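Written below as structure tokens is the structure these notes are about.
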Protein chains: 2
Amino acid sequence: MDTIGFEQHDHKNCVKGALSAVEAHCAAHKLQFTAVRRRVLEILLSEHRAMGAYEILDVLRDEGLGSQPPVAYRALDFLVSHRFAHKVERLNAFIACTHPGETHTPAFLICRSCDAVAEAHAEPSKGMLGRVASETGFFIEQAVVEAIGLCPQCRKGALPCP
Amino acid sequence: MDTIGFEQHDHKNCVKGALSAVEAHCAAHKLQFTAVRRRVLEILLSEHRAMGAYEILDVLRDEGLGSQPPVAYRALDFLVSHRFAHKVERLNAFIACTHPGETHTPAFLICRSCDAVAEAHAEPSKGMLGRVASETGFFIEQAVVEAIGLCPQCRKGALPCP
DNA sequence: GGTTAATATGTTATAGAATTACAATTATCA
DNA sequence: TGATAATTGTAATTCTATAACATATTAACC
């Protein structure tokens, strides 16, 4: 399991790298990586945080790429269904995937103080969920795993209990 | 870790038992278990499934217990904050807790075919989330753990891939 | 008991998130 | 090129949730 999100990194290259990985994946799988879809992923990658659909739509509108909710939601549906982005259920928001292409179940660490979100990998078939599932005969297809708390930075300084 | 939800059970007693447990807990902690709060919990307990706030509000309205959204949301906030009920983030819905009083982190198994929801216990400080958290220095306060898939019944018969 | 403070409810309005439905366009491939 | 499928444009609507403020109830204290 690895984590990305609370550390410093070469952001420009991280955006570029993710974009070309997605590009390659779409080419290989004959998926249409259209202007809107590409731009939404770019927005999510460059902001590097969880964004609401309407917040994304505002950017698209400013750029003349679409003005109605379905435009944003459809692009997001595409990105999420191909795992280029994820939905953070707790926030009703979306975030670019930090390792597109690989099959994985994301787990999120959500800081309630600074709103940073870090993505980690989970293995739901193992661990607690997997045990419950196999005991009861439940077949897991997807898993939502999100922790809410304080990131390392906010834990040190700032607000103890807002 | 234990699971309740996909099995048959003595429902009348389960409702009654949960209600009196909550009653006792409120008395002991000087919490006001008012008519609306009590009725919302009763509805959730007797329906024994995840319900949207507006669905609950419809019932309240029919009974003259309140007609505007804040009435339902405030009652739900009370129930959730004291862990008498939980929010299922994936469904934007609420469900009565199957073991009120005990401190716990609920995990849910959500059947995408019949919409049944089973509650299990999770231990986020252990397992996958806990490991990521301690590695990165993230302090977990709450966890959302929800699996989506097929319950034992739906797995056998019915729809393979709706 | 009566006064005050805290808590809870009633109500209006609004904000935020997501989908339906249908028309128009663009891409894919035979 | 023409037929088909996929994508986008747009309007309207539904569902989810909260803000703000007035009123009523309950708890606490003298």
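Convention: sequence-line order gives letters A, B, ...; per-chain numbering from 1. Fair warning: this is a prediction, and the values are worked out from it, not measured in the lab.
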Which pair of heavy atoms, one from B:Leu150 and one from B:Cys111, lies closest together, and at what distance? CA-SG, 4.0 Å
Interatomic distance where CG belongs to B:Asp77 and P belongs to C:dT9 [whole Å]: 12 Å
What about the rings of B:Phe84 and B:His25, do their centers lie closer together than 6.0 Å? yes
Could you tell me the separation between the OH atom of A:Tyr73 and the P atom of D:dT16, rounded to a whole number of Å? 13 Å
Whole angstrom is fine here: how far is it from CG in A:Asn92 over to C1' in C:dA15? 13 Å
Tell me the interatomic distance from A:Glu55, atom CD, to C:dA18, atom P, rounded to whole angstroms. 13 Å
I'd like to know if B:Arg49 and B:Glu55 make a salt bridge, using a cut-off of under 4.0 Å between side-chain N and carboxylate O. yes
Stacked cation flag B:Arg37 on B:Phe78, 6.0 angstrom / 45 deg: yes
Would you classify B:Arg74 as touching base, sugar-phosphate or nothing, given that sugar-phosphate means primed atoms plus P, OP1 and OP2, and contacts are heavy atoms under 4.0 Å? base
Counting the atoms with a prime plus P, OP1 and OP2 as sugar-phosphate, which does A:Ile56 contact under 4.0 Å by heavy atoms, base, sugar-phosphate, or nothing? nothing
Just compare D:dA17, C:dA18, C:dT9 and give me whichever is closest to any side-chain atom of B:Thr34. C:dT9
Considering heavy-atom distances to DNA chain D, does B:Lys30 or B:Phe94 have its closest nucleotide positioned more toward the 5' end? B:Phe94
For the pair made of CZ in A:Arg38 and C1' in D:dT8, what is the distance, rounded to whole Å? 18 Å
Any salt bridge between B:Asp77 and B:Arg74, counting N to O under 4.0 Å? no
For DNA chain C, whose closest nucleotide is more 5', that of B:Arg37 or that of B:Pro70? B:Arg37
Euclidean distance, atom CE of residue B:Met51 to atom P of D:dC15 [Å, nearest integer]: 14 Å
Shortest side-chain distance from B:Gln32, nucleotide among D:dA17, C:dA18, D:dT26: D:dT26
pi-stack flag for B:Tyr54 and D:dC15, centroid dist under 5.5 Å, interplanar under 30°: no
B:Gln68 CD to D:dA19 C1', straight-line distance once rounded to whole Å: 14 Å
Whole-Å distance, A:Arg90 CZ to C:dG16 P, equals 18 Å
